[in-house]
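Quick caveat: nothing in here was measured; it's all calculated off a predicted structure.
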Amino acid sequence: MVKPLQHFSVEDDQVALPRGATARARRIKIGWRGRAITALSQGDFRNYLYPVFTPAGFPVTEEAPIDHPHHQSVTIGADHFNCYLPYASDKVEEANYSFYLNYTFQGRAPGRIVGGPVDSAELADDHLRIIQPLRWQGPVEWGAPEGRTVAEETRTFDIHPDQVANVIDVRSELRATEWDLRIGPTRHAYFTIRLADGLRVVDGGTVIDSEGRRGGEAISGQRADWVDAFGPPARGHRVGIAVFPHQSAGNPPWNVADYGTINVNPFRDRARTVRRGEVVDMALRIVVHDGDAQEAGVASMFESFTNGL
């Protein structure tokens, strides 16, 4: 028997539409004791977290920026996503897709990452776990009029709200379906966070890593325990978001852009082959906080994070 939620809420966003109209997309809102935390949002090409709120109620990510509409808040995806389709007993053809962009890029057609029904469980007064299945579906093409489901993903969110920061652990377990896969090497993967206006360096915000480096140019290509971006959004209230990669991500170099992105990408420099039956299992933690990195105690939160691994 599924226990009802007492402290958390997980509910579909209700949008008033004219008679006969249907919603094109879906948003599942998550709250805690009447306070908005985040939402699981389904767009045309991917499923992502948006909005993402601090305890004081300020959003820290952008949903669909005009310059990079595929950078949707907190999202997962990969370009150079290759699927090996057999056409003879001993031969295969390589199909090249992108599960990162919204349009054909360098010859690779975009696929869709589509979320299914979620399961939620309240594990403690301040701990909600949500499990969501997703399909990585290739584009419409000859022999696949609805697109091939080339991979299946289980995405697990562990949500811990607090007074200083809302902590969200995101775990992605990606499985090949009927065909072997190869992901990367690509600069466009895997976990992407797009910052809200005000937190971006180009808007006067600050991005800093655990080694004290500041700015995208200084941090990109380097390894660090964590990266934090903070700044004043509307009404001058300082807020930020910190990113802690789990050891399962393999400690890749960071990719940080002053125009507003933070990437954790294990596929940047080398490809990963995923055989049928194999799983790519990676995770990270995002810390959505009020105040700057020092005021929120990001360094001590990272220490607690590593002690819990």
Side-chain angles (χ1 to χ4, degrees), residues 38 48-77 79 100-102 164-168 170 186-245 249 251-266 268-269 284-302 305:
T38 188
Y48 53 97
L49 286 181
Y50 180 85
V52 182
F53 293 107
T54 73
F58 291 90
V60 297
T61 60
E62 179 66 79
E63 181 170 22
I66 193 67
D67 56 347
H68 289 74
H70 49 286
H71 288 170
Q72 293 189 278
S73 189
V74 178
T75 189
I76 293 171
D79 193 10
Y100 188 90
L101 294 105
N102 299 358
V164 175
N166 293 328
V167 174
I168 305 175
V170 184
T186 175
R187 70 184 188 274
H188 292 145
Y190 184 69
F191 298 98
T192 300
I193 293 90
R194 176 68 188 221
L195 304 173
D197 292 353
L199 277 68
R200 306 185 307 156
V201 173
V202 294
D203 297 328
T206 300
V207 61
I208 187 171
D209 71 7
S210 59
E211 308 308 303
R213 293 180 285 252
R214 290 176 176 254
E217 185 174 351
I219 296 171
S220 291
Q222 304 296 323
R223 288 179 168 83
D225 291 336
W226 52 263
V227 166
D228 185 277
F230 58 88
R235 303 191 296 281
H237 185 91
R238 187 173 294 176
V239 299
I241 180 169
V243 182
F244 302 168
N251 191 30
W254 290 89
N255 183 23
V256 176
D258 289 345
Y259 62 75
T261 57
I262 300 173
N263 283 97
V264 176
N265 180 11
R268 192 186 80 158
D269 297 321
L284 54 68
R285 171 171 289 185
I286 60 173
V287 179
V288 188
H289 59 82
D290 293 295
D292 60 24
Q294 183 174 1
E295 291 165 340
V298 167
S300 62
M301 281 192 277
F302 179 80
F305 169 69

NE2 on H289 to CZ on F230, rounded to 0.5 Å: 8.0 Å

Least distance between heavy atoms, P69 atom then Q72 atom: O-CG, 3.3 Å

In Y259, Y100, Y48, the residue satisfying side-chain hydrogen bond (donor to acceptor under 3.5 Å, both in side chains) with H71 is Y100

A side-chain contact here means heavy atoms from C-beta on lying under 4.5 Å apart; do D225 and F244 qualify? no

For the CD1 atom of I168 and the CG atom of L284, what is their distance to the nearest 0.5 Å? 10.5 Å

Among V243, D209, N265, V207, which residue satisfies the side chain to side chain contact (heavy atoms under 4.5 Å, CB included) criterion with W254? V243

Can you confirm whether Q294 is buried at CD, in the sense that more than 12 heavy atoms of other residues, nucleotides or ligands lie under 6.0 Å from that atom? no

Interatomic spacing from CD in E62 to CG in D197 - rounded to 0.5 Å: 5.5 Å

Counting only heavy atoms not in E211, do more than 12 fall under 6.0 Å of its CD? yes

What pair of heavy atoms forms the shortest contact from D290 to A296, and how long is it? O-CB, 3.7 Å

Euclidean distance, R214 CZ relative to I208 CD1, rounded to 0.5 Å: 4.0 Å

dist I286:CD1 -> I262:CD1 (nearest 0.5 Å) comes out at 10.0 Å

4.5 Å side-chain heavy-atom contact, P55 and V164: no

For A56 against H237, the heavy-atom pair lying closest together: CB-NE2, 3.9 Å

Restricting to non-hydrogen atoms, name the atom on P51 and the atom on T38 that form the minimum distance, rounded to 0.1 Å. O-OG1, 2.7 Å

Least distance between heavy atoms, A249 atom then P266 atom: O-CG, 3.3 Å

Taking C-beta and beyond as the side chain, do R194 and S73 meet within less than 4.5 Å on heavy atoms? no

Hey, mind stepping through E295 and R238 against side chain to side chain contact (heavy atoms under 4.5 Å, CB included) and telling me if it holds? CA-CA 10 Å; E295 291 165 340; R238 187 173 294 176; 4.1 Å; yes

Would you indicate whether the side-chain heavy atoms of M301 and R285 approach each other to under 4.5 Å? no

Is the side chain of N166 donor-acceptor paired with the backbone N or O of V288 at a distance under 3.5 Å, no angle test? no

Rounded distance (nearest 0.5 Å) linking atom CG of L49 with atom CD of E63: 11.5 Å

To check you understand the geometry: which heavy-atom pair defines the closest contact between R213 and A218, and what is its length? CD-O, 3.4 Å

Would you indicate whether the side-chain heavy atoms of R187 and N255 approach each other to under 4.5 Å? no

